[in-house]
Amino acid sequence: MARILTGIQSSGVPHLGNLLGAIIPAIELSKDANNESLFFIADMHSLTTIRDAKQLKENTYATAAAWLAFGFDTNKNIFYRQSDIAEVCELMWYLNCNTPYPMLANAHSFKDKASKLHHVNAGLFTYPVLMASDILLYDAEIVPVGKDQKQHLEMTRDMAKAFNHTYGETLIEPESRIDERVMIIPGTDGQKMSKSYNNFINIFLPDKKLRKQVMGIQTDSTPMEDPKDPTSCNVFKIYKLLASQEQTNNMELNYRGGNYGYGHAKQALYEVIIEKYAQERIRFNELMDNTALIEQELLKGAEKARSIAQNVLKRVRTKIGY
Ligand code: ADP
Ligand code: TRP
């Protein structure tokens, strides 16, 4: 049984790009009977940039509700909130005291963030140590992350190696699984869908608002009667990711045949979203209306996570001489 672990930063309601690019594939991976997945909401990492308590809480709930609505199995796996297991800070201190300062000073993501922000807090600097602690505290074997996290994973391995070198075999060196697949979901303006570009589709919105987002997808000015090229159209690109092969073929024929406007295509996309994600939309909203259910799931996960964490910490404390 391989133990897979990954952290999810919570920056609001997950959009269609987050769902198709990260959440749904991770849930699929977690279904393998040979794996045990630990997925957590990295709300302590969020604190490096978010200092609004209400926003922090809402982001956590929205992120958790999306994972749960898409069927992440919290009985087979472990789903928790990073801040519920404060043990992670204890291990972080032990790792801090074994980590050379220049390793952190040279991290790309730190240099990048530090160059853009007015106030650079120490949390941004030690961010990779907290991330290493997230991983090593649970004896994780495989850590699936995007390319941007590659250096953080290398640092985690270096920290585990250094600790083991000093104290003898204690921490498991995790294997990273960098997702090289470039499945970039386009946004309503054709760029990568992202919260920061405000070009996203939030499938959990009420019908009218969702329809408005879909109707806002940018298209060219080819007149209704003229044939159109589906491959260069943002509506078709998104539709193709969600519709069946038959529906996609039909839309392609409609584009090429003429007398089919972008408004028709947008309406078809809206309908496919409503139909395909009917259950998930209901479930998400039920959870957001009753956050006690989300709390219950997260606390169940925290209990399981804590028991692994405490065992690992016991091992570490003995080795360092406590
Ligand atoms: P955003 O750009 O909206 O802030 P994040 O950087 O928080 O999104 O991404 C969270 C996860 O969702 C990451 O694993 C990222 O790779 C994935 N993701 C985000 N946007 C897209 C997209 N347009 N297509 C595919 N995956 C995406
Ligand atoms: N830093 C990661 C990101 O921004 C999130 C994260 C925190 C993480 N801790 C982790 C990912 C541990 C994998 C393992 O995406």
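Order of listing sets the numbers, starting from 1, for every ligand and every atom in it.
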* To do: Please work out whether any backbone atom (N, CA, C, O) or any side-chain heavy atom from C-beta onward of Ser194 is under 4.0 Å from ligand 1, and answer side chain, backbone, both or neither.
  => both

* With hydrogens left out, which residues have an atom under 4.0 Å from ligand 2, given that only heavy atoms count? -> Leu5, Thr6, Gly7, Gln9, Phe40, Ala42, His45, Tyr127, Met131, Asp134, Ile135, Val143, Val145, Gln149

* side chain to side chain donor-acceptor pair (under 3.5 Å) involving Tyr61 - partner list, sequence neighbours excluded -> Glu295

* Asked: Can you name the side chain to side chain donor-acceptor pair (under 3.5 Å) partners of Asp84, sequence neighbours left out?
  -> Arg81

* To do: Around atom 9 (O) of ligand 1, find the nearest protein heavy atom and jot down its residue, atom name and distance.
  => Asn18 ND2, 3.5 Å

* To do: Starting from atom 7 (O) of ligand 1, locate the nearest protein heavy atom and write down its residue, its atom name and how far away it is, to 0.1 Å.
  => Ser11 OG, 4.0 Å

* How about Thr188 and Gln213: do any of their side-chain heavy atoms sit closer than 4.5 Å? -> no

* To do: Just go through Lys195, Lys192, Lys147, Gln149 and tell me whose heavy atom is the nearest to atom 4 (O) of ligand 1.
  => Lys195

* To do: Check for a donor-acceptor pair, side chain of Ser133 on one end and backbone N or O of Val129 on the other, with a separation under 3.5 Å.
  => no

* Against heavy atoms of Gly21, which atoms of ligand 1 measure under 4.0 Å? -> 25 (C), 26 (N)

* Structure fact -> Under 4.0 Å from one or more heavy atoms of Ile184, ligand 1 contributes atoms 24 (N)

* Examine the proximity of ligand 1 to His15 and report which part, side chain or backbone, both or neither, has a heavy atom under 4.0 Å away. => side chain

* Asked: Ignoring hydrogens and geometry, is there a side-chain-to-backbone donor-acceptor pair from Asn199 to Lys192 under 3.5 Å?
  -> yes

* Asked: Which protein heavy atom lies closest to atom 25 (C) of ligand 1, and at what distance to 0.1 Å?
  -> Met183 O, 3.1 Å

* Within the structure, does Met193 bring an N/O atom to less than 3.5 angstrom of an N/O atom in ligand 1? -> yes

* Establish, yes or no, whether a centroid distance under 6.0 Å links the rings of Phe70 and Phe284. => no

* Asked: Heavy-atom distance under 4.5 Å between the side chains of Leu241 and Phe236, does that happen here?
  -> no

* Asked: Are Tyr127 and Phe110 close enough that their ring centers fall under 6.0 Å?
  -> no

* N or O contact, Ser196 vs ligand 1, cut-off under 3.5 Å -> no

* Which ligand 1 atoms are under 4.0 Å away from a heavy-atom of Ala22? -> 11 (C), 12 (O), 14 (O), 17 (C)

* For ligand 1, is Gln9 a contact, meaning one of its heavy atoms is under 4.0 Å away? -> no

* For atom 27 (C) of ligand 1, the protein heavy atom that lies nearest, with its residue and separation -> Gly17 O, 3.4 Å

* Minimum-distance pair of heavy atoms, taken over all atoms of Arg51 and Leu47 -> NH1-O, 3.3 Å

* Asked: Does Lys304 count as lying over the ring of Tyr80, i.e. NZ or CZ under 6.0 Å from the six-ring centre, within 45 degrees of the axis?
  -> no

* To do: Using a 4.5 Å cut-off on heavy atoms from C-beta on, say whether the side chain of Lys195 contacts that of Ser11.
  => yes

* Asked: Is there a side-chain contact between Leu38 and Ile4 (heavy atoms, below 4.5 Å)?
  -> no

* To do: Mind checking salt bridge (charged side-chain N to carboxylate O under 4.0 Å, His left out) for Asp139 and listing every partner two or more places apart, or none if nothing turns up?
  => Arg315

* Would you say atom 20 (N) of ligand 1 touches the protein, meaning some protein heavy atom is under 4.0 Å from it? -> yes

* **Donor-acceptor pair between Lys150 and Ser176 side chains, under 3.5 angstrom** => no

* Asked: Looking at ligand 1, does any of its N/O atoms fall within less than 3.5 Å of an N/O of Ile185?
  -> yes

* To do: Determine if the distance from atom 16 (O) of ligand 1 to the closest protein heavy atom is below 4.0 Å.
  => no

